[in-house]
Asks: 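Sharing a structure, written as structure tokens. Questions coming.
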Amino acid sequence: VPDPTAAASQTPAVPTGPLTAVTFENPNFDWGKVNDGDKVTHIFKFTNSGKEPLIISDTKGSCGCTVPEWPKEPIAPGAKGEIKVVFDSKGKGSKEGKLDTKKVTITANTDPAQTFLNIQGIVINPNAAQ
């Protein structure tokens, strides 16, 4: 019988209290082509489009190569904020160029509690074996 508390401990806690809404200028980013080993940084800009302070409790990349940074303080209604995402392409490329897609999951006091950002692009490693 699976332990229900084990799965719950892996899910970030959703902030309690009143819910609000978040609107991203663009939840998707395509970095084009980069060389294997390059780091790509992108700033996702958002607005608290609800009527309560926005509290982001967690952001998580779909792998260790995608690291998000987010504001820890509440974002007032109507105020803007930024989430910085750094993607490290080391070991991700191929000779012909491989499309790499990553997702960032944001957990906040929104409905639904999770919002997703997507980054993608081609990673080239001219020295990779075919």
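No experiment lies behind these values; they were computed from the predicted model shown. Keep in mind that the numbers below use all heavy atoms, side chains included, and drop hydrogens, waters and symmetry copies. Residue indices begin at 1 and follow the sequence shown.
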Asks: Using modelled atom types only, decide if a donor and an acceptor are shared between the side chain of D88 and the backbone of C65 within a distance under 3.5 Å.
Replies: no
Asks: So, do T115 and T110 sit near enough that their side-chain heavy atoms are less than 4.5 Å apart?
Replies: yes
Asks: Between N109 and L54, is there a side-chain heavy-atom distance shorter than 4.5 Å?
Replies: yes
Asks: Please step through side chain to side chain contact (heavy atoms under 4.5 Å, CB included) for the pair V85 and F29, ending with a clear verdict.
Replies: CA-CA 10 Å; V85 177; F29 174 68; over 6 Å; no
Asks: Any donor-acceptor pair under 3.5 Å linking the side chain of W70 with the backbone of I56?
Replies: yes
Asks: Please report the interatomic distance NE2(H42) to NZ(K84), rounded to the nearest 0.5 Å.
Replies: 12.5 Å
Asks: Mind checking whether V104 and I55 sit in one hydrophobic cluster, side chains of I, L, V, M, F, W, Y counted as touching below 4.5 Å?
Replies: no
Asks: What are the two closest heavy atoms between G50 and P77, and how far apart are they?
Replies: O-CB, 3.4 Å
Asks: Can S89 and D38 be counted as having a side-chain donor-acceptor contact under 3.5 angstrom?
Replies: no
Asks: Is it true that V40 and V86 fall in one hydrophobic cluster, defined by side-chain heavy atoms closer than 4.5 Å?
Replies: no
Asks: Drop me the distance from F46's CZ to F24's CZ, to the nearest 0.5 angstrom.
Replies: 6.0 Å
Asks: Quick one: SG on C63 to CZ on F87, what's the gap to the nearest 0.5 Å?
Replies: 6.5 Å
Asks: Just how far is it from atom CG of N35 to atom CD1 of I124, taken to the nearest 0.5 Å?
Replies: 6.5 Å
Asks: With a 4.0 Å cut-off on N to O distance, would you call K98 and D100 a salt bridge?
Replies: no
Asks: When hydrophobic residues are tied together by side-chain contacts of less than 4.5 Å, even through go-betweens, does W31 share a cluster with V67?
Replies: no
Asks: Minimum heavy-atom separation for P71 to I83, with atom names?
Replies: CD-CG1, 4.4 Å
Asks: Just by modelled atom types, is the S94 backbone N or O under 3.5 Å from a matching donor or acceptor in the N125 side chain?
Replies: no
Asks: Nearest heavy-atom pair of T107 and Q114: which atoms, and what distance?
Replies: OG1-NE2, 3.6 Å
Asks: Atom CG of L117 and atom CG of N28: how far apart are they, to the nearest 0.5 Å?
Replies: 8.0 Å
Asks: T105 versus T59: any side-chain heavy-atom pair under 4.5 Å?
Replies: no
Asks: Does a side chain donor of either K80 or T47 reach within less than 3.5 Å of an acceptor in the other side chain?
Replies: yes
Asks: Mind listing the closest non-hydrogen atom pair of L19 and D111 along with its distance?
Replies: CD1-CB, 3.8 Å
Asks: Looking at S62 and K103, would you say the former's side chain and the latter's main chain have a donor-acceptor pair under 3.5 Å?
Replies: yes
Asks: Give, for atom NZ of K60 and atom CD1 of I106, the distance between the pair rounded to the nearest 0.5 Å.
Replies: 13.5 Å
